[in-house]
Amino acid sequence: MSFKESYGSKEELDFLKRIKLEFKEAVQFIDTEIGTVERGVVDLLEGPFRQLIVRFPVEMDNSTIKIFTGYRVQHSRLYEPTKGGIRYAPDVDLNIVTALAFDMTLKCRVVDVPFGGSKGGVRCDPKKMSQRELDRLTRRYAYEIFPAIGPDADVPAPDIGTGEREMGIIYDTYKMFNPKSPHAEAVVTGKPVNLGGSHGRTEATALGGAYVLEEAVKRRHIEGLDSLKDATVVVQGFGNAGFYIAKILSEDYGCSIVGICDSKGGIYNQEGLDVNDVLDFKQNVSKEKSVIGYNGLQPLTMEQLLTSPCDILVPAAKETQIIGSIAKNIEAKVILELANGPTTNYADKILIDKNIYVLPDILANSGGVTVSYFEWLQNKAGECWELSQVNERLHKKMVTAYQNVTKISEDRELHMRKAAFVFAISNAIEVIKNRGIFP
Ligand code: GLU
């Protein structure tokens with residue numbers, strides 16, 4: 001199989017180049033079909049406006065000192081604060097963090113949350129570190145990015161490899177340096193609820209995705225899928241987003257989860273899998289902390305899992321997973337992108353040709369940052385909303401975003417990803433116009 005057939009162009013393996021390509025195509029469309037776009041505004045929007053690289057030491061459990069590299073990239077200041085998660089993974093670098101920050105700007109515009117985009121990360125392998133080492137790393141990283149973050153400047157949140165625990169430590173570190181700051185907890189979202197975290201933040205990315213999927217099904221936008229009841233689902237990735245989407249779709253919508261995979265491989269059972277039981281196996285039974293080996297099911301490769309028969313495919317792992325050679329063999333009717341940037345442009349074209357409906361990442365996974373916004377609002381106001389109130393507001397935001405993107409898609413005859421880009425970028429251009437250029 002040629003490189004082209006597997007991946008498309010080399011550029012497509014680079015998430016930053018890919019998102020810039022999509023951005024430029026959308027700008028071109030706006031320029032010719034909607035209204036002239038000032039060149040300088042395009043350059044400004046391409047961002048980022050700030051990139052911080054930090055190198056710092058962490059004392060390991062065996063008393064040696066290890067040096068880590070961390071990043072915080074702020075993509076656009078359409079609104080302040082800027083907003084985006086922190087990733088701990090071995091492949092974190094400036095390029096990927098910059099792409100993810102760009103992605104944050106776009107998703108905030110799609111879902112109309114008044115934040116600019118940002119992202120952070122540390123190049124490390126959390127699976128190979130002890131809890132105490134990770135805690136020390138988090139505290140030191142928080143200290144190093146201190147000049148960039150703040151409740152009204154830049155607000156981190158969880159991403160791959162981080163969660164409530166890390167957010168609690170970042171809050172504590174910030175608070176120690178700002179003991180008199182009244183709303184210091186707004187420096188970070190995705191905190192534990194007893195430190196000012198919002199009810200519903202943990203499952204928000206998945207629930208937001210489920211709401212968008214539900215709307216698409218209700219409006220009969222997915223060919224051959226008129227109901228979620230008994231629809232079959234394959235989920236790639238069994239971290240926060242992957243676990244919760246599997247749980248929500250099976251428990252609340254009556255779907256049958258037939259395939260699940262994590263970074264070590266996948267399992268498939270056409271009779272359906274018990275999601276909570278699979279999680280229990282991964283966490284408490286499996287030596288490798290994997291779904292592999294569950295109930296004696298045959299282990300599958302990632303590619304086999306992504307191309308297994310199902311109605312709904314949910315990439316919920318990381319970027320650049322659905323490449324051309326995989327897209328060709330995907331059997332799903334709809335793809336719900338809970339990961340950031342899981343599909344290459346070339347693969348996307350194949351999916352369009354195959355008439356597979358794609359709910360793009362900047363729409364499908366924007367529930368996470370939406371509830372982060374709710375958490376930030378609660379912190380600023382000193383409030384704590386009920387879970388039902390959070391979910392009701394999330395539902396409204398997601399349905400409105402879906403309707404806005406669908407309208408562009410229908411009016412302009414664009415597939416959903418292009419429509420989401422056109423919507424987000426047109427909206428961002430308006431914000432820049434209204435703010436003007438300083439000084
Ligand atoms: N890391 C998440 C994302 O990619 C969350 C961002 C946030 O809540 O600020 O959307």
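One-based numbering, in listed order, for ligands and for the atoms of each.
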Check ligand 1 for close polar pairs with the protein: N or O on both sides, less than 3.5 Å.
{"residue": "ligand 1", "atom": "1 (N)", "partner": "K119", "partner atom": "NZ", "Å": "3.3"}
{"residue": "ligand 1", "atom": "1 (N)", "partner": "P158", "partner atom": "O", "Å": "2.9"}
{"residue": "ligand 1", "atom": "1 (N)", "partner": "D159", "partner atom": "OD1", "Å": "2.8"}
{"residue": "ligand 1", "atom": "4 (O)", "partner": "K107", "partner atom": "NZ", "Å": "3.0"}
{"residue": "ligand 1", "atom": "4 (O)", "partner": "K119", "partner atom": "NZ", "Å": "2.9"}
{"residue": "ligand 1", "atom": "4 (O)", "partner": "N340", "partner atom": "ND2", "Å": "3.1"}
{"residue": "ligand 1", "atom": "8 (O)", "partner": "R201", "partner atom": "NH2", "Å": "3.0"}
{"residue": "ligand 1", "atom": "8 (O)", "partner": "S372", "partner atom": "OG", "Å": "2.6"}
{"residue": "ligand 1", "atom": "9 (O)", "partner": "K83", "partner atom": "NZ", "Å": "2.8"}
{"residue": "ligand 1", "atom": "10 (O)", "partner": "K107", "partner atom": "NZ", "Å": "2.7"}

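Applying the salt bridge (Lys or Arg N to Asp or Glu O under 4.0 Å) test to every pair with at least one member in residues 175-192, sequence neighbours left out, gives these pairs: K191-E375.
Of the options L16, T343, D91, T344, a side-chain contact (heavy atoms from CB on, under 4.5 Å) to E319 is made by D91 and by none of the others.
Remark: the backbone N or O of I425 is not paired with any side-chain donor or acceptor of R109 at under 3.5 angstrom. E410 places no side-chain N or O within donor-acceptor distance of the main-chain N or O of K407, the cut-off being under 3.5 Å.
In summary, the side chains of N329 and E303 do not present any donor paired with an acceptor at a separation below 3.5 Å, with no hydrogens or angles considered.
Looking at every heavy atom in both residues, P158 comes nearest to R201 through CD-NH2, 4.3 Å.
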